[in-house]
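Indexing begins at 1, ligand by ligand and atom by atom, following the structure's order.
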Amino acid sequence: MIPAGFEYHRPGDIASAIGILQEHGDEARVIAGGHSLIPMMKLRMAEMGHLVDLQAIDELKGIEIGADTVSLGAMVTQHELITHDGLAEAIPLIREAALQIADPQVRYVGTVGGNVANGDPGNDMPGLMQCLNATFDLTGPDGSRSVAARDFYEAAYFTARDDEEILTRISIPVPGAGVGQAYEKQKRKIGDYATAAAAVMVGNGQASVAMTNLADTPIWSESASNALADGDISGCVTAMLSAIDPVADNRGPVEFKKHVAAVMLRRAIERAQSRAG
Ligand SMILES: Cc1cc2nc3c(=O)[nH]c(=O)nc-3n(C[C@H](O)[C@H](O)[C@H](O)COP(=O)(O)OP(=O)(O)OC[C@H]3O[C@@H](n4cnc5c(N)ncnc54)[C@H](O)[C@@H]3O)c2cc1C
């Protein structure tokens, strides 16, 4: 319950935040909503001398809806994702998934950037962003670069982000009319991480499928996506089951998780198809 002591920083712009990260190296960590980081600090599983709060940086805020692309500031909260009407119209999948994350209080402060940067395979947004083929914008001491969500996750808590880089925005191609979307999540109770969850987009001859909490990273499968684009649902499920690699834990043994994964995927496909066209 009691975190170790730390120094608190509240920079007003990205350059200052990066300067603090550079100055303190491994000793510093950015904090967004704090609803993954603070629980870890309270358990003393994360200890750092300097916390760099991103709340005062306006460049990290705001939802922009373009004709082809949606841009989410890293500090946009889950609550903002849910209540933004333009976003619900452009990419309904995001609201549907955000409503299945945590609980109202966590969603008031938990951010989309924190959810995707965290690197916990239990987080729901990473698989969702892979399904949507999102791109993450990172800014560090050497400038800015973009990394595809599908290339970002390396292992549990290891991502393509360097320690001194800040995730600034998430860019998502608008799927467009005729593309059905669905997020199906099986969990033990409200606020639980998924036993298995599936994000699906399908329509206009295209398809994309990603799974949550069934490996040490989110899993997007090209062959599962291609099978679904061809209308081969069984082939899609088979391909996805060979791509995931769940481990037994208090959510169940491996065989159970594979079973639930297949059920979630089939349900998500069915619902996405019913919304397509
Ligand atoms: C009770 C409870 C239930 C939850 N249930 C779920 C759930 O069902 N599904 C789910 O997905 N999540 C769940 N969460 C996690 C919650 O959604 C977190 O808030 C979220 O994962 C992290 O977002 P945050 O803004 O709180 O990030 P923080 O906790 O502030 O940060 C998390 C990590 O990301 C890094 N980080 C944050 N922002 C940036 C950035 N812009 N650039 C670089 N690094 C950054 C931080 O340094 C830290 O390492 C739950 C949390 C709680 C407390």
Side-chain angles (χ1 to χ4, degrees), residues 3 6 8-11 13-14 17-18 20-21 24 26-43 45-48 50-62 72-82 94 96-130 136-140 144-145 147 152-153 156-170 183 185-197 199 210 212-213 218 251:
F6 56 85
Y8 175 80
H9 305 262
R10 197 179 173 100
D13 56 64
I14 294 171
I18 292 168
I20 301 167
L21 292 178
H24 300 289
D26 279 355
E27 277 293 294
R29 185 89 74 88
V30 300
I31 182 163
H35 270 51
S36 288
L37 186 53
I38 291 176
M40 301 280 267
M41 291 169 66
K42 288 179 162 189
L43 295 168
M45 288 163 75
E47 277 188 40
M48 66 283 306
H50 298 266
L51 269 192
V52 186
D53 189 342
L54 301 178
Q55 306 246 18
I57 306 180
D58 287 341
E59 298 147 274
L60 301 179
K61 296 180 182 166
L72 306 176
M75 290 298 286
V76 167
T77 63
Q78 307 286 354
H79 177 74
E80 289 172 306
L81 295 180
I82 291 166
I94 295 178
E96 181 168 274
L99 278 166
Q100 299 178 58
I101 291 179
D103 55 52
Q105 281 154 318
V106 171
R107 295 196 296 253
Y108 280 127
V109 282
T111 65
V112 64
N115 200 293
V116 302
N118 194 30
D120 181 341
N123 284 134
D124 290 288
M125 285 286 161
L128 190 81
M129 293 302 169
Q130 291 192 333
F136 300 154
D137 297 337
L138 304 167
T139 299
S144 297
R145 65 187 179 117
V147 180
F152 189 72
Y153 298 95
Y157 297 102
F158 285 91
T159 68
R161 185 180 70 82
D162 294 334
D163 286 347
E164 290 171 354
E165 284 181 315
I166 292 175
L167 171 73
T168 55
R169 299 199 79 82
I170 299 167
Y183 193 71
K185 175 175 174 181
Q186 204 277 335
K187 56 184 191 260
R188 298 168 300 181
K189 61 179 178 63
I190 296 281
D192 191 21
Y193 295 94
T195 303
T212 296
N213 217 11
R251 291 188 179 83

Quiz item: Among all protein non-hydrogen atoms, which one is nearest to atom 11 (O) of ligand 1, and what is the separation to 0.1 Å?
Solution: Asp124 N, 2.8 Å
Quiz item: Hey, is Asn115 touching ligand 1 through its side chain, its backbone, both or neither, going by heavy atoms under 4.0 Å?
Solution: both
Quiz item: So does Phe158 have more than 12 non-hydrogen atoms from other groups sitting under 6.0 Å from CZ?
Solution: no
Exercise. Starting from the C-alpha separation in whole Å, work towards a yes-or-no answer on side-chain contact (heavy atoms from CB on, under 4.5 Å) for Met41 and Phe6.
Key: CA-CA 10 Å; Met41 291 169 66; Phe6 56 85; 3.7 Å; yes
Quiz prompt | Partners meeting side-chain hydrogen bond (donor to acceptor under 3.5 Å, both in side chains) with Asp163 (sequence neighbours left out) | solution = none
Practice problem: Identify, for atom 51 (C) of ligand 1, the protein heavy atom at the shortest distance, and state residue, atom and that distance. | Solution: His35 O, 3.6 Å
Exercise. For Ala102, take its heavy atoms, then give the atoms of ligand 1 lying under 4.0 Å from any of them.
Key: 3 (C), 4 (C), 5 (N), 6 (C), 7 (C), 8 (O), 50 (C)
Self-check item: Short N or O distance, Ile101 and ligand 1, threshold 3.5 Å exclusive
Solution: no
Quiz item: Quick one: nearest non-hydrogen protein atom to atom 13 (C) of ligand 1, plus distance?
Solution: Tyr193 CE2, 3.4 Å
Self-check item: Residue Gly33 vicinity, atoms of ligand 1 by number, heavy atom under 4.0 Å
Solution: 24 (P), 25 (O), 26 (O), 27 (O), 30 (O)
Practice problem: Report the part of Arg161 in contact with ligand 1, treating N, CA, C, O as backbone and CB onward as side chain, heavy atoms under 4.0 Å; options are side chain, backbone, both, neither. | Solution: side chain
Quiz prompt | Heavy atom of the protein closest to atom 33 (C) of ligand 1 (residue, atom name, distance) | solution = Asn118 OD1, 3.4 Å
Quiz item: Closest heavy-atom contact between Val106 and His35?
Solution: CG2-CD2, 3.6 Å
Exercise. Please could you name the atoms of ligand 1 that Leu167 approaches to less than 4.0 Å, counting only its heavy atoms?
Key: 40 (C), 41 (N), 42 (N), 43 (C)
Practice problem: With heavy atoms of Ile166 as the reference, note each atom of ligand 1 found under 4.0 Å away. | Solution: 42 (N)
Practice problem: Anything under 30° is parallel, anything over 60° is perpendicular, the rest tilted; go ahead and classify His79 against Tyr108. | Solution: tilted
Self-check item: Within-cut-off N or O pair, Gln78 and ligand 1, under 3.5 Å
Solution: no
Self-check item: Residues which pass salt bridge (Lys or Arg N to Asp or Glu O under 4.0 Å) with Lys187, listed by chain and number, not counting sequence neighbours
Solution: none
Quiz prompt | Atoms in ligand 1 flagged as close to Gly110, the criterion being non-hydrogen separation under 4.0 Å | solution = 19 (O), 25 (O), 26 (O)
Practice problem: Give the residue, atom name and distance (to 0.1 Å) of the protein heavy atom nearest atom 12 (N) of ligand 1. | Solution: Asn123 ND2, 3.2 Å
Quiz item: Which heavy atom of the protein is the closest neighbour of atom 3 (C) of ligand 1, given with residue, atom name and distance?
Solution: Gly191 O, 3.2 Å
Quiz prompt | Structural part of Arg29 in contact with ligand 1, heavy atom criterion under 4.0 angstrom | solution = side chain
Quiz item: So, Lys61 side chain and Ala56 main chain: donor-acceptor pair closer than 3.5 Å or not?
Solution: no
Exercise. Search all heavy atoms of Pro121 against all heavy atoms of Thr212 and return the closest pair with its distance.
Key: O-CG2, 3.8 Å
Exercise. Would you mind running through ligand 1 and noting each atom that sits below 4.0 Å from a heavy atom of Ala117?
Key: 36 (N), 44 (N), 45 (C)
Quiz prompt | Pro39 to ligand 1, any heavy atom closer than 4.0 Å | solution = no
Exercise. For the pair Ile57 and Thr168, evaluate side-chain contact (heavy atoms from CB on, under 4.5 Å) and give the outcome as yes or no after the intermediate values.
Key: CA-CA 10 Å; Ile57 306 180; Thr168 55; over 6 Å; no
Self-check item: Within reach of ligand 1, part of Ala74 (heavy-atom separation under 4.0 Å)
Solution: side chain
Exercise. Run the numbers for me: atoms of ligand 1, each under 4.0 Å from some heavy atom of Ile31, listed by number.
Key: 30 (O)
Self-check item: Polar proximity ligand 1 side, Gly34 side, N/O cut 3.5 Å exclusive
Solution: yes
Quiz prompt | Exceeds 12 heavy-atom contacts within 6.0 angstrom, atom CD of Gln105 | solution = no
Quiz item: Which of the atoms of ligand 1 are close to Asp192, meaning less than 4.0 Å from one of its heavy atoms?
Solution: 8 (O)
Practice problem: Could you walk me through whether Tyr153 and Gln130 pass the side-chain contact (heavy atoms from CB on, under 4.5 Å) test, one step at a time? | Solution: CA-CA 10 Å; Tyr153 298 95; Gln130 291 192 333; 3.7 Å; yes
Quiz prompt | Distance-only N or O hit between ligand 1 and Lys185, under 3.5 Å | solution = yes
Quiz prompt | Protein contact of atom 39 (C) of ligand 1 - nearest heavy atom, named by residue and atom, plus distance | solution = Val30 CG2, 3.8 Å
Quiz item: How close do Asp124 and Ala194 get, heavy atom to heavy atom, and via which atoms?
Solution: OD1-CB, 4.4 Å
Quiz item: Considering only protein heavy atoms, which is closest to atom 38 (N) of ligand 1, and at what distance to one decimal place?
Solution: Ala32 CB, 3.4 Å
Practice problem: Carefully, step by step, assess Ile166 and Val52 under the rule side-chain contact (heavy atoms from CB on, under 4.5 Å). | Solution: CA-CA 11 Å; Ile166 292 175; Val52 186; over 6 Å; no
Quiz item: Would you find more than 12 non-hydrogen atoms of other residues, nucleotides or ligands less than 6.0 Å from Asp26 atom CG?
Solution: no
Quiz item: For atom 52 (C) of ligand 1, which candidate among Leu51, Thr212, Val106 provides the closest heavy atom?
Solution: Val106
Practice problem: Mind telling me whether His24 and His50 have parallel, tilted or perpendicular rings, with 30° and 60° as the class edges? | Solution: parallel
